[in-house]
Amino acid sequence: MRKLALILTLALAIAACGASNDKGNEKETAAADKPVVEKKDNTASVQQQLNDNLAKFFANKQMEGVTFGAEVISAVEGLEDIKFVKITFTDTNTGKTQEQYVFSNGEYLMPDLTSVATGQGLKDTLMFMHAENVDIDTSNLSLAYGSKDAKNVIVEVSDFQCPYCRKAHEYLKQRLQGEDVAIYFMHFPLSFHEKAELYARVFEAGVQTGANFYDELYSTTKQFDKKPDEEIIEHFAAKTDNPEKFKELVNSEELKQKVLNQSKRGQELGVRGTPALFFNGKLVGGYKTDMYDKAIESFK
């Protein structure tokens, strides 16, 4: 697929003005007497201006074979002239699309708006607020945490060797205490993590032989990860009630295919990296504890 790129330009104009005037009170009174003029909704004009400017950009860069469209999702509270926008690029040769969420007033693109007080970006929050709930079939996923009867469901798309997945796991383990939630695991082993695919099969074989290695697989050491596969399998097999059955399952084509199918399903859901967590169908991508908190606060 052709790589689609945007040059994001952020123009900040900071102006400070102040004047002393003995008649300040009179000016304030006069201003208060002026009628309040309600601002018109400029959503359509921002959307049109952004599309026009994108067309100019692509023409100048001679980027053929790519179409695009801008959709205003919402205005930014307190900054109504700035909109939260989804821009969709389509490769006309393959039909594949790529979405970018940005902020814009039609003339400028801003990757994010960051709170000076907290240092937190606004984009993640708005993406979560406006995200559609994805209906994920959990019947083929293994329960890693909680009860199947829980009111709330998290689908965890993850890689046991991913360092940020491990941080997310540790944070959620503490944060979810007392919450009525079930976590289902969807395997997404990354190719550059040598043991990730093996650990995925170890987890599934454990589930089928009555052992839950969810916590332990997230806490293996670098020294342990360097052990030969067979030694690792023996280590976990010894902790099950049926070691021989466990070893047979770990090496089975059935589990290899199950892990592969889940990885493909993750890609279909738009997952490109780990961790990716769907809280009652709404995605939070990456290790973002503030967004995990917001998602958990939205639980029923």
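By convention here, the first residue in the shown sequence is residue 1.
- Separation of atoms CD1 (Ile183) and OG (Ser142) is listed at 13.5 Å; rounding is to 0.5 Å.
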- Under the side-chain contact (heavy atoms from CB on, under 4.5 Å) rule, what do Leu113 and Met110 come out as? Steps first, then yes or no, please. CA-CA 7 Å; Leu113 295 176; Met110 292 154 271; 4.2 Å; yes
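- Closest approach of Tyr292 and Gly286 over heavy atoms only: OH-O, 2.6 Å.
- Under the 4.5 Å side-chain criterion, counting only non-hydrogen atoms from C-beta, Asn251 is in contact with Ile233.
- At least one side-chain heavy atom of Leu122 sits under 4.5 Å from a side-chain heavy atom of Val76.
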- Worked check of salt bridge (charged side-chain N to carboxylate O under 4.0 Å, His left out) between Glu197 and Arg201: CA-CA 7 Å; Glu197 197 272 342; Arg201 288 186 278 120; 2.9 Å; yes
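- Under the 4.5 Å side-chain contact rule for hydrophobic residues, Leu277 and Met127 do not share a cluster.
- With ring centers used as reference points, Tyr171 lies 6.0 Å or more from His169.
- Side chain of Ser219 to main chain of Asp215: a donor-acceptor pair is present (N/O by atom type, distance under 3.5 Å, no hydrogens or angles).
- At distances below 3.5 Å, not a single donor-acceptor pair connects side-chain atoms of Asn42 with backbone N or O atoms of Ser45.
- With contacts defined as side-chain heavy-atom distances shorter than 4.5 Å, the pair Ile296/Glu179 qualifies.
- Phe278 and Phe185 are assigned to two separate hydrophobic clusters, defined by single-linkage of ILVMFWY side chains at heavy-atom distances under 4.5 Å.
- Using modelled atom types, one finds a donor on one side chain and an acceptor on the other under 3.5 Å when comparing Glu204 with His187.
- Note: Lys226 NZ to Thr220 OG1 = 12.0 Å, rounded to the nearest 0.5 Å.
- Taken to the nearest 0.5 Å, the CG atom of Leu255 stands 5.5 Å off from the CD atom of Gln208.
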- Can Val157 and Leu283 be said to form a side-chain contact (heavy atoms from CB on, under 4.5 Å), step by step? CA-CA 10 Å; Val157 187; Leu283 173 64; over 6 Å; no
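- Put simply, the side chain of Glu234 reaches to within 4.5 Å of the side chain of Lys247, judged on heavy atoms.
- Only one option out of Asp229, Ile232, Leu198, Thr209 pairs with Val250 in a side-chain contact (heavy atoms from CB on, under 4.5 Å); it is Leu198.
- Ring centers of Phe203 and Phe213: at least 6.0 Å apart, outside the cut-off.
- Residues Phe224 and His235 meet the side-chain proximity criterion, which asks for heavy atoms closer than 4.5 Å.
- Between the side chains of Asn242 and Thr240, not a single donor N or O lies within less than 3.5 Å of an accepting N or O.
- With a 6.0 Å radius and a threshold of 12 heavy atoms from other residues, nucleotides or ligands, Lys151 has its NZ atom at or below the threshold.
- A donor-acceptor pair is defined here as one N or O able to donate and one able to accept, closer than 3.5 Å; such a pair exists between the side chain of Ser115 and the backbone of Thr118.
- Here OH of Tyr184 is found 12.0 Å from CD1 of Ile136. Values are rounded to the nearest 0.5 Å.
- For the pair Asn212 and Ala144, the tightest heavy-atom approach, listed with the atom from each and the gap, is ND2-O, 3.1 Å.
- In this structure, the side chain of Thr92 engages the main chain of Gly65 through a donor-acceptor pair within 3.5 Å.
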- Item | Check against side-chain contact (heavy atoms from CB on, under 4.5 Å), Val72 and Phe84 | CA-CA 6 Å; Val72 173; Phe84 180 52; over 6 Å; no
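- The environment of Glu99 atom CD is dense: over 12 non-hydrogen atoms of other residues, nucleotides or ligands sit within 6.0 angstrom.
- A donor-acceptor pair is defined here as one N or O able to donate and one able to accept, closer than 3.5 Å; no such pair exists between the side chain of Lys288 and the backbone of Asp124.
- Within a 6.0 Å radius of NZ in Lys294, no more than 12 heavy atoms belonging to other residues, nucleotides or ligands are found.
- A salt bridge is defined here as a Lys NZ or Arg NE, NH1 or NH2 lying under 4.0 Å from an Asp or Glu carboxylate O, and Arg166 with Glu170 fails to meet this definition.
- For OH of Tyr164, the number of neighbouring non-hydrogen atoms (other residues, nucleotides, ligands) closer than 6.0 Å is 12 at most.
- Annotation: the span from Asn53 atom CG to Gln49 atom CD amounts to 5.5 Å, rounded to 0.5 Å.
- Contact check for Leu126 versus Ile73: no side-chain heavy atoms found under the 4.5 Å cut-off.
- In terms of heavy-atom proximity, Phe103 sits nearest to Pro111 at CD1-O, 4.2 Å.
- Remark: the backbone N or O of Gly106 is paired with a side-chain donor or acceptor of Ser104 at under 3.5 angstrom.
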- side-chain hydrogen bond (donor to acceptor under 3.5 Å, both in side chains) between Thr114 and Asp112, intermediate numbers included: CA-CA 6 Å; Thr114 303; Asp112 205 348; 4.9 Å; no
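- Counted within 6.0 Å of NZ on Lys123, heavy atoms from surrounding residues, nucleotides or ligands total more than 12; the atom is thus considered enclosed.
- The cluster map of Ile, Leu, Val, Met, Phe, Trp and Tyr, joined by side-chain heavy atoms under 4.5 Å apart, puts Val155 and Val284 in different clusters.
- In this structure, NZ in Lys173 is found 10.0 Å from OH in Tyr145, a value given to the nearest 0.5 Å.
- Ion pairing of Glu268 with Arg265 is present here, as a side-chain N (NZ or NE/NH1/NH2) and a carboxylate O approach within less than 4.0 Å.
- Contact of the Phe58 side chain with the Val66 side chain is registered, since non-hydrogen atoms from C-beta on lie closer than 4.5 Å.
- Cluster annotation: Phe89 and Val102 are assigned to the same hydrophobic cluster (Ile/Leu/Val/Met/Phe/Trp/Tyr, side-chain heavy-atom contacts under 4.5 Å, transitive).
- Taking a cutoff of 4.0 Å between a charged side-chain nitrogen and a carboxylate oxygen, Glu216 and Lys239 qualify as a salt bridge.
- His193 has its ring centre no less than 6.0 Å from the ring centre of Phe160.
- Formation of a donor-acceptor pair under 3.5 Å by the Asn51 side chain with backbone atoms of Ala70 is found in this model.
- Atom CD of Glu194 sits in a sparse spot, with 12 or fewer heavy atoms from other residues, nucleotides or ligands closer than 6.0 Å.
- Judged by distance alone, with hydrogens and angles left aside, the side-chain atoms of Gln161 form a donor-acceptor pair with the main-chain N or O of Ala196 at under 3.5 Å.
- Under the 30°/60° scheme for interplanar angles, the aromatic rings of Tyr218 and Tyr214 are found to stand perpendicular.
- Remark: the backbone N or O of Gly78 is paired with a side-chain donor or acceptor of Glu80 at under 3.5 angstrom.
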- Task: Under the side-chain contact (heavy atoms from CB on, under 4.5 Å) rule, what do Gln262 and Phe188 come out as? Steps first, then yes or no, please.
- Result: CA-CA 7 Å; Gln262 290 187 14; Phe188 202 86; over 6 Å; no
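- Side-chain N or O atoms of Asp290 include none that pairs as donor or acceptor with a backbone N or O of Asp293 at under 3.5 Å.
- Side-chain contact between Tyr287 and Cys162 is absent, with no heavy atoms from C-beta onward closer than 4.5 Å.
- Under 3.5 Å, the side chains of Thr43 and Asp41 contain a donor-acceptor pair of N or O atoms.
- Contacts classified as side-chain hydrogen bond (donor to acceptor under 3.5 Å, both in side chains) and involving residues 270-286 (residues at least two apart or in different chains) are given here: Asn152-Asn280.
- Contact detail for Cys165 and Pro275: the closest heavy-atom pair is SG-N, 3.6 Å.
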